[in-house]
Amino acid sequence: MAERCPTPDKKRFATAEAAHAYALQRELALDTLLHPYACTCGWIHLTSLPQVPPRAEADPAIVNALRHASHDVFAEAVEADASGRADMPARIALRAPRIRGRWITTLRAINARLDREITDRPASPAWRQRAEVFRHHVQARLAEAERLRDRERAA
Ligand SMILES: [Zn+2]
């Protein structure tokens, strides 16, 4: 059951779609990433995360560790980034061109898994809401990764 909201002053959204549409609009005006999350109160709020600087230098040690990481470890890094839990050095490293292909493949696999889970599972509304918010993050990262790849191909 929904609990009392710890941040009652925050804007409330009923669906992941509505929160993301609002976030995308506002992000153009602000220099932050607006990150939707499912609150314990049953609504979706936005929190701001710093943007990954476009030309930031990745730490080669982190990039290498990711390159050689097992499937599960890599997927966990991708999920942490998508859900806003990763720190900035990890977020920058994940965007390194050398692991771009693996990032995209992993995002597609996570997205497909979420599609299946959301369709197949007779889940609670709270579970479904969290899964839909997360799927939006994964799809936003996928769009970002493909944009970065296409920009490099064009250069
Ligand atoms: Zn709340």
Side-chain angles (χ1 to χ4, degrees), residues 1-56 58-59 62-63 65-66 69-96 99-100 102-149:
M1 226 19 247
E3 292 165 32
R4 234 161 65 94
C5 184
T7 54
D9 296 337
K10 285 195 171 191
K11 212 168 164 54
R12 302 182 304 178
F13 301 90
T15 65
E17 281 79 9
H20 274 271
Y22 181 87
L24 288 177
Q25 234 176 28
R26 293 295 297 151
E27 279 168 5
L28 297 176
L30 307 163
D31 197 24
T32 54
L33 188 67
L34 291 176
H35 184 89
Y37 65 95
C39 183
T40 51
C41 70
W43 292 88
I44 297 165
H45 302 309
L46 299 172
T47 188
S48 54
L49 288 178
Q51 299 270 30
V52 177
R55 263 168 263 291
D59 180 339
I62 305 176
V63 177
L66 282 170
S70 69
H71 173 79
D72 287 353
V73 169
F74 193 86
E76 167 50 31
V78 171
E79 293 200 10
D81 175 77
S83 58
R85 288 183 279 116
D87 60 18
M88 189 53 88
R91 292 168 68 198
I92 294 169
L94 194 57
R95 285 153 180 78
I99 50 175
R100 175 91 21 84
R102 194 176 186 191
W103 186 27
I104 290 174
T105 307
T106 305
L107 283 167
R108 285 192 183 135
I110 295 169
N111 189 46
R113 189 196 74 213
L114 288 167
D115 278 347
R116 274 196 310 277
E117 286 180 357
I118 290 169
T119 312
D120 296 351
R121 207 150 127 184
S124 70
W127 182 89
R128 172 178 276 272
Q129 188 191 51
R130 279 197 308 277
E132 286 178 353
V133 168
F134 183 53
R135 181 169 61 175
H136 267 274
H137 292 314
V138 169
Q139 290 172 352
R141 296 289 75 78
L142 193 50
E144 179 190 359
E146 289 173 346
R147 216 163 44 236
L148 289 169
R149 182 195 59 193

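Everything quoted here is computed from the prediction, not taken from an experiment. Position 1 is the first residue of the sequence; numbering continues from there. When a ligand or atom number is given, it counts from 1 through the structure's own listing order.
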Do Asp59 and Pro89 come within less than 4.5 Å of each other through their side chains, counting heavy atoms only?
no

Tell me the closest heavy-atom pair linking Ala19 and Ile44, and the distance in Å.
CB-CG2, 3.7 Å

Is the Tyr22 ring parallel, tilted or perpendicular to the Phe13 ring (thresholds 30°, 60°)?
tilted

I'd like to check Ile104 versus Arg100 (side-chain heavy atoms, cut-off strictly below 4.5 Å). Are they in contact?
yes

Between Glu146 and Arg108, does any NZ, NE, NH1 or NH2 come within less than 4.0 Å of an OD or OE carboxylate oxygen?
yes

Give the intermediate values and the outcome of salt bridge (charged side-chain N to carboxylate O under 4.0 Å, His left out) for residues Arg141 and Glu79.
CA-CA 10 Å; Arg141 296 289 75 78; Glu79 293 200 10; over 6 Å; no

Quick one: how many protein N/O/S atoms are under 2.8 Å away from the Zn ion (ligand 1)?
4

